[in-house]
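Below: the structure, in structure tokens.
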Amino acid sequence: MPPQISADLVIVANRLPVDRITEDDGSPGWRRSPGGLVSALEPVMRANDGAWIGWPGGTDNDLEPFVEDGLSLVPVALGAEEVEDFYEGFSNGTLWPLYHDLVAKPEFHREWWDAYVAVNRRFAEQAAAVAAENATVWVQDYQLQLVPQMLRELRPDLRIGFYLHIPFPPTELFQQLPWRRQILAGLLGADLIGFQLPGAAANFVRLVRQRVGHKTHRDLIHLPDGRTVRAAAFPISIDAEGFEELAARPGVAARAAEIRESLGNPETVFLGIDRLDYTKGIYVRLRAFGELLAEGELTVGHAVFVQVATPSRERVDQYRRLRDEIDRLVGRINGDFGEIGSPAISYMHSSYPREEMAALYRAADVMVVTPYRDGMNLVAKEYVACRLYNDGALVLSEFAGAAEELRQAWLVNPHDINGMKAALLEASRAGPREKSRRMRAMRRQVMEHDVRRWADTFLSELSCVGGRDQPPLRRV
Ligand code: G6P
């Protein structure tokens, strides 16, 4: 019998916070996925009989709710066609590029939209079924923007929050969406809508005023039914203490030394770690590095670029093409400049556990984060948290949300390849005092504003809006 769930706090996200694994005896099992979101929410979830609703990945359709590590997990099944139309299609072929400033061209297909509506409804129904009376439900990200309104229709007693992890586009771009009104109405089902940056919240409020005609005042939207919705910025962060603690482990320090050793102990290790995504600017940063080698500003043996690209959305066309382009570029640069035992670029298309990431962060002299557009970029913050001795340098795109907090990074415009080359050189040649001054300030910011604080702030603000009388969540 599946557990009967009646949760006071329900998280609704496209993905469950666990990965499917095969146990030693060959039976299927689950392993906690390492995201910061789940670690931040775990204590408050436990204190409030929390439940997490999400897609377990794949097309396994007969999964019942289960308890893993004390958390109630409620899988939402997707059929093969829904994976294509809802996940790969509307979520990642339409919304993802549209919300990232058209870095790639979004495609608009009516059957993708129909699947988006149907799957959002399934998530909303599942949330309605497991939420206790007057519960708080927190819906996450662009895959589920219709859930707040659908859920409110089913369960008007609930307090509903929504958080968008990716950028919200300028109004001119959002207007291209044939279903723009439905998306706005979907989001307005929430009491509190959170964005990464104040500019994104302002874009949203302006659109609602212009397109839907609701009255707005600063960050408040007044609906004709008397409800008030608030749209505001809550910049997300990482489990900063967790990363710091990991980086301080002797095993991680030893692994960092081993990594440098196996790279031939160069003077400068540049590092990029990204999901293999066209928004991340991986190609342009490797090109910049290649040009610096060609011009003799950097030389193989003295400098190496380590690029980790985590496989992602591999069945979507644009991602396949990107992988080929990067394979080709890495091959060319290594072919032109590499020597036996010293490649110019050490390129890994795979994902690594947190320990290995922390070791890479410790091993890197210059972390290179150059997205064309990024909601926040947590890799930049993880690097900062792992620099225990205030050394190392961060080269960061102005178009990552993190740039609003990490002002002391070497900020670059990823469209300006000469500017990026100059920043890579400057960062690699900066003296220890300069690096320490910058890193110290960034570490203070990241250590103080961690993901726990982000979650607490959002949930406590959520309990203040809406003007209804749900009991507050139990604090931890
Ligand atoms: C971004 C999105 C998340 C998403 C993640 C991984 O961070 O904001 O919602 O889960 O990418 O992408 P995937 O398509 O594998 O879930």
Side-chain angles (χ1 to χ4, degrees), residues 11-20 32-41 52-59 75-76 78 82-101 103-104 112 115-116 119-120 123 138-147 162-169 187 193-197 200 234-239 273-282 308-320 322-323 349-352 357 369 371-382 399-402 451 454 458:
I11 304 297
V12 190
N14 185 45
R15 288 194 182 268
L16 282 179
V18 287
D19 293 320
R20 204 83 166 117
R32 176 73 62 83
S33 46
L37 190 59
V38 60
S39 61
L41 292 171
W52 188 303
I53 297 173
W55 172 48
T59 50
V76 173
L78 297 185
E82 287 171 338
V83 172
E84 273 177 37
D85 292 349
F86 157 75
Y87 171 70
E88 294 162 353
F90 200 77
S91 297
N92 292 313
T94 307
L95 293 173
W96 181 266
L98 180 68
Y99 281 31
H100 285 87
D101 279 2
V103 172
W112 288 4
Y116 188 77
V119 172
N120 270 248
F123 275 86
W138 191 1
V139 183
Q140 311 285 328
D141 228 356
Y142 63 101
Q143 304 92 342
L144 301 176
Q145 293 173 98
L146 304 178
V147 169
F162 180 90
Y163 188 77
L164 186 69
H165 291 252
I166 68 173
F168 190 78
L187 291 169
I193 309 175
F195 297 88
Q196 299 281 16
L197 301 180
F234 300 85
I236 201 169
S237 192
I238 57 162
D239 173 13
I273 301 184
D274 311 80
R275 258 185 329 97
L276 185 50
D277 193 296
Y278 50 79
T279 59
K280 301 288 184 186
I282 302 171
V308 175
T310 310
S312 185
R313 306 175 192 164
E314 291 189 280
R315 294 178 356 153
V316 178
D317 244 10
Q318 282 149 333
Y319 289 77
R320 279 198 193 140
L322 175 73
R323 181 173 180 195
H349 180 245
S350 56
S351 62
Y352 292 104
M357 302 273 272
V369 181
Y372 291 116
R373 180 57 76 192
D374 209 332
M376 176 52 65
N377 196 291
L378 299 178
V379 162
K381 292 188 171 180
E382 288 171 6
F399 303 115
V451 71
W454 167 82
F458 185 92

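In listed order, ligands and their atoms are each counted from 1. All values below come from the heavy atoms of this structure, side chains included, with hydrogens, waters and symmetry mates left out.
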When the aromatic ring centroids of Y278 and Y319 are compared, is their separation below 6.0 Å?
yes
N or O contacts of ligand 1 with protein under 3.5 Å, please list pair by pair.
from	atom 1	to	atom 2	distance (Å)
ligand 1	8 (O)	D141	OD2	2.6
ligand 1	9 (O)	D141	OD2	2.5
ligand 1	9 (O)	Q143	NE2	3.2
ligand 1	11 (O)	R313	NH2	3.3
ligand 1	12 (O)	R313	NH2	3.0
ligand 1	14 (O)	Y87	OH	2.5
ligand 1	14 (O)	R313	NE	2.9
ligand 1	14 (O)	R313	NH2	3.3
ligand 1	15 (O)	R15	NE	3.4
ligand 1	15 (O)	R15	NH2	3.1
ligand 1	15 (O)	Y87	OH	3.4
ligand 1	16 (O)	R15	NE	2.6

Given R320, E88, R275, the one that forms side-chain contact (heavy atoms from CB on, under 4.5 Å) with R313
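Checked R320, E88, R275 against R313; only one passes side-chain contact (heavy atoms from CB on, under 4.5 Å): R275.
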Please work out whether the ring planes of [X] and [Y] are parallel, tilted or perpendicular, with thresholds of 30° and 60°.
X	Y	answer
Y163	W454	perpendicular
F168	Y99	perpendicular
Y142	W96	tilted

Counting C-beta onward and ignoring hydrogens, is there a side-chain heavy-atom pair between L276 and I282 closer than 4.5 Å?
yes
